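Input: a single structure, listed below in structure tokens.
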Amino acid sequence: MPKIRSTSDGLIYVKSSLIENLKRPNALEGAKALGKPVIINADHIGFLSYNNDGRVTFFMTNGFEISINVFFDEAEIIFNCAKGGIEKEIL
């Protein structure tokens, strides 16, 4: 399985072992992803940047932050492909 990929439907699949942190700031407790890929709808991503710990992070419109262990340029390519409806994989 590729470590991160986009689909023509605007979805981003992230291999679960690459998820460093999945949380909603100021919530009582964060969420944790185990086992299966995390699926992110690119339309729900507010922006892509680094969090306070310096990790590549998708900042979601619903307040969640999804930090992943990939290079920023890889995440940016996948994000742009998902927004454009282009299938792309990064191994």
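Note: hydrogens, waters and symmetry copies are ignored here, and every other heavy atom, side chains too, is used. Residues take their numbers from the sequence shown, with the count starting at 1. No experiment lies behind these values; they were computed from the predicted model shown.
Judged as a side chain to side chain contact (heavy atoms under 4.5 Å, CB included), and not counting sequence neighbours, the contacts of F72 are L48, Y50, V56, E76. Judged as a side chain to side chain contact (heavy atoms under 4.5 Å, CB included), and not counting sequence neighbours, the contacts of E89 are P2, R5, L91. Every residue two or more places apart in sequence or in another chain that forms a side chain to side chain contact (heavy atoms under 4.5 Å, CB included) with F71 is listed here: D73, E74.
Distance check, rounded to the nearest 0.5 Å: CD1 of I90 to CD1 of I77 gives 5.0 Å. Once rounded to the nearest 0.5 Å, the distance linking CE of M60 with NE2 of H44 reads 7.5 Å. Here the NZ atom belonging to K3 is positioned 8.0 Å from the CG atom belonging to N69, to the nearest 0.5 angstrom. Note that the OG atom of S49 and the CZ atom of F58 stand 11.5 Å from one another [nearest 0.5 Å]. The distance from the CD1 atom of I12 to the NZ atom of K83 is 9.0 Å, given to the nearest 0.5 Å. In this structure, the separation between OH on Y13 and CD1 on I40 is 11.5 Å, given to the nearest 0.5 Å.
For the pair T7 (side chain) and D9 (backbone), a donor-acceptor distance under 3.5 Å is present. With hydrogens and angles ignored, the 3.5 Å screen pairs no side-chain donor or acceptor of D53 with any backbone N or O of R55. S17 places no side-chain N or O within 3.5 Å of a backbone atom of K15 that could act as its donor or acceptor partner.
Heavy atoms only, all atoms of each residue included: S67 and N51 are closest at OG-ND2, 3.1 Å. Closest approach of T61 to I45, counting heavy atoms only: CG2-C, 4.3 Å. Shown here for I78 and S6, the closest heavy-atom pair between the two residues is O-CB, 3.7 Å.
Between I66 and V14, the closest side-chain pair of non-hydrogen atoms is not below 4.5 Å.
Environment of CG in N52: sparse, with no more than 12 heavy atoms of neighbouring residues, nucleotides or ligands closer than 6.0 Å.
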